[in-house]
Protein chains: 2
Amino acid sequence: MINNLLKENITKNAPFSKTELEEFCKYFYFKNIKKTEFLLEQGEICKFEGFVLEGCFRIFTIDKKGNENTLYFAAKDWWLMDIDSFMNQSTSNLNIQALTDSKILLINRADKLSLYESIPAVEKLFRVMSQKALVAWQRRLIRNNSQTAKERYVYFINNYPNIASKINDKQIASYLGISHEFLSKIKRRN
Amino acid sequence: MINNLLKENITKNAPFSKTELEEFCKYFYFKNIKKTEFLLEQGEICKFEGFVLEGCFRIFTIDKKGNENTLYFAAKDWWLMDIDSFMNQSTSNLNIQALTDSKILLINRADKLSLYESIPAVEKLFRVMSQKALVAWQRRLIRNNSQTAKERYVYFINNYPNIASKINDKQIASYLGISHEFLSKIKRRN
DNA sequence: GAAAAAAGTTGAACTAGTTCAATTTAATAA
DNA sequence: TTATTAAATTGAACTAGTTCAACTTTTTTC
């Protein structure tokens, strides 16, 4: 089954009955995305949520000064969307771009919203996932403010080896919040 | 009624029936907290979630170098906890300290967890609140990485005037991720 | 209301990280 | 395979923000 990975991910986070799981999963549709292709671009409105089956995506913004700022990467078994644009139906400041040829399952906003109502376990699923994500953001803020660029780089490499191996240094630098030149210098002086 | 504020906050985020609301709210207990008192200290395990009725709290960590790092402030109508410690029942890295004499409603972890099961609207409430919080964290990361300290300071003052008025510059600096000396210099050169 | 403690200010020396520009290396496309 | 484009490296000059220390002002405590 193509969406076994999705089903495992779901049941890891919330208790779904077999029928609930089937009902929920049937709203997801498969999409192939080629390297460098965009799933969402700054200025659009996000009307989907995605679950990565294969490949890797980068979720980033480009600020007024033209600097790229990476919010996060989404590899296999990760969820992705612009939650700000999705919730408020405001124009997105984010770009979601495939860094490698990728396979993804998508669910439309309207479907997701109605599933919150029809399947209570869906509420629990996203409540739990959102709270886990909050923990991650909180930890990241602490790291950003208390560690040097070098320490953050080492942390990233050690904790996300499967992502780190798929992306280039410019992208890592934009995630760490430093220039790619400085990242190059950091790596030098080991 | 003492917890009108809580009830308004809840119904703003999720549809509760009158009886659900009463049932949920009766698990909250009131607590007075004096200025400088701690609701949680680094090393403890967080077993509660709180809702601020009056006053102001600071949620911060002290890193190895001894620097204070403020995650957020919680004033009237805000929720507060260490979600990391609460979820994982791990020892907390955070301190939650009252910055002024405060009044707060607390709910115990065990009660909250069982209410997720007994009242489905509670799932929705915290799903929605968590997602809104995620949006806020995402926006803050972008600001932190794309704006100067001065810009972040101005943003904070303009967007959280009721908090800014209750706290001192050392605390603002630790929220902005800069030294208090530098904040002082920023304010000077207007 | 005086004494003590904490917060805020200022300057000088410093450092982590940036910017720009030139060069090399690697990846992509025709 | 070669030509082209993008990524990575390096150095030099720079800047945003830190650190430390001394001093002033405000707040707290007894």
Side-chain angles (χ1 to χ4, degrees), chain A residues 34-38 55-56 58 60 62-70 73 95 97-101 141 143-157 163-190, chain B residues 33-38 55-56 58 60 62-70 73 95 97-102 141 143-157 163-190:
Chain A
K34 282 199 225 107
K35 184 171 181 171
T36 77
E37 234 173 79
F38 287 84
C56 190
R58 182 165 73 108
F60 67 101
I62 301 179
D63 63 33
K64 307 101 217 161
K65 296 155 202 155
N67 289 321
E68 290 190 1
N69 212 269
T70 298
F73 300 99
N95 304 282
Q97 186 181 28
L99 300 180
T100 64
D101 290 352
L141 182 89
R143 287 197 305 275
N144 279 348
N145 285 346
S146 67
Q147 297 186 178
T148 64
K150 173 80 180 259
E151 289 168 330
R152 281 178 275 143
Y153 172 68
V154 170
Y155 179 90
F156 180 76
I157 294 297
I163 291 176
S165 64
K166 285 194 189 126
I167 65 184
N168 65 40
D169 283 356
K170 233 175 133 180
Q171 292 156 352
I172 295 182
S174 82
Y175 173 86
L176 298 175
I178 59 176
S179 67
H180 67 281
E181 293 97 330
F182 189 56
L183 176 54
S184 175
K185 287 162 193 170
I186 280 174
K187 294 176 68 177
R188 188 113 204 283
R189 48 163 193 265
N190 257 324
Chain B
I33 308 213
K34 283 200 224 106
K35 183 169 179 171
T36 75
E37 234 173 79
F38 286 84
C56 189
R58 182 164 73 107
F60 67 101
I62 301 178
D63 63 34
K64 306 101 219 163
K65 296 155 203 155
N67 290 320
E68 290 191 1
N69 211 268
T70 298
F73 299 100
N95 304 283
Q97 186 181 29
L99 300 180
T100 63
D101 288 353
S102 302
L141 182 88
R143 287 198 305 276
N144 279 349
N145 285 348
S146 66
Q147 297 186 177
T148 64
K150 173 80 181 260
E151 289 169 330
R152 281 178 277 144
Y153 172 68
V154 170
Y155 179 90
F156 180 75
I157 294 297
I163 291 175
S165 65
K166 285 195 189 123
I167 65 183
N168 65 40
D169 283 355
K170 233 176 134 180
Q171 291 156 352
I172 296 182
S174 82
Y175 173 85
L176 297 175
I178 58 177
S179 66
H180 67 282
E181 293 97 329
F182 189 56
L183 176 55
S184 176
K185 286 163 194 171
I186 280 174
K187 293 177 70 177
R188 186 114 205 282
R189 48 164 193 264
N190 255 323

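Hydrogens, waters and symmetry mates play no part in the numbers below; they use all other heavy atoms, side chains included. Naming: A, B, ... by sequence-line order, numbering from 1 per chain.
- A straight line from NZ of A/Lys170 to C1' of D/dT5 spans 11 Å, rounded to a whole angstrom.
- Computed from coordinates, the A/Gln97 CD to D/dA6 P distance equals 13 Å when rounded to whole Å.
- One can place CD1 of B/Ile167 at 14 Å from C1' of C/dA7, the figure rounded to the nearest angstrom.
- In this structure, the side chain of B/Asp101 engages the main chain of B/Lys35 through a donor-acceptor pair within 3.5 Å.
- Of the side-chain N and O atoms in B/Asn168, none sit less than 4.0 angstrom from OP1 or OP2 of C/dA6.
- A/Ala98 and A/Lys34 make their closest contact through CB-O, 3.6 Å (heavy atoms, listed as atom of the first residue, atom of the second, distance).
- Among the heavy atoms of the strands lying under 4.0 Å from A/Lys35 are primed sugar atoms or P, OP1, OP2 only; no base atom is included.
- A distance-only check finds a donor-acceptor pair linking the side chain of A/Thr100 to the backbone of A/Cys56 [under 3.5 Å].
- Two residues are said to be in side-chain contact when any heavy atoms from C-beta on lie closer than 4.5 Å; B/Leu99 and B/Phe73 meet this criterion.
- Side-chain contact between B/Gln171 and B/Phe60 is absent, with no heavy atoms from C-beta onward closer than 4.5 Å.
- Looking at heavy atoms from C-beta onward, B/Ile186 lies in side-chain contact with B/Lys150 at the 4.5 angstrom threshold.
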Reading 5' to 3' through nucleotides 11-24 of chain C, protein heavy-atom contacts under 4.0 Å coded B for base, S for sugar-phosphate only, - for none: BB----BBBB----
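- Computed from coordinates, the B/Lys187 NZ to C/dT10 C1' distance equals 14 Å when rounded to whole Å.
- For B/Asp169 and D/dT26, the CG to P distance is 13 Å, given to the nearest whole Å.
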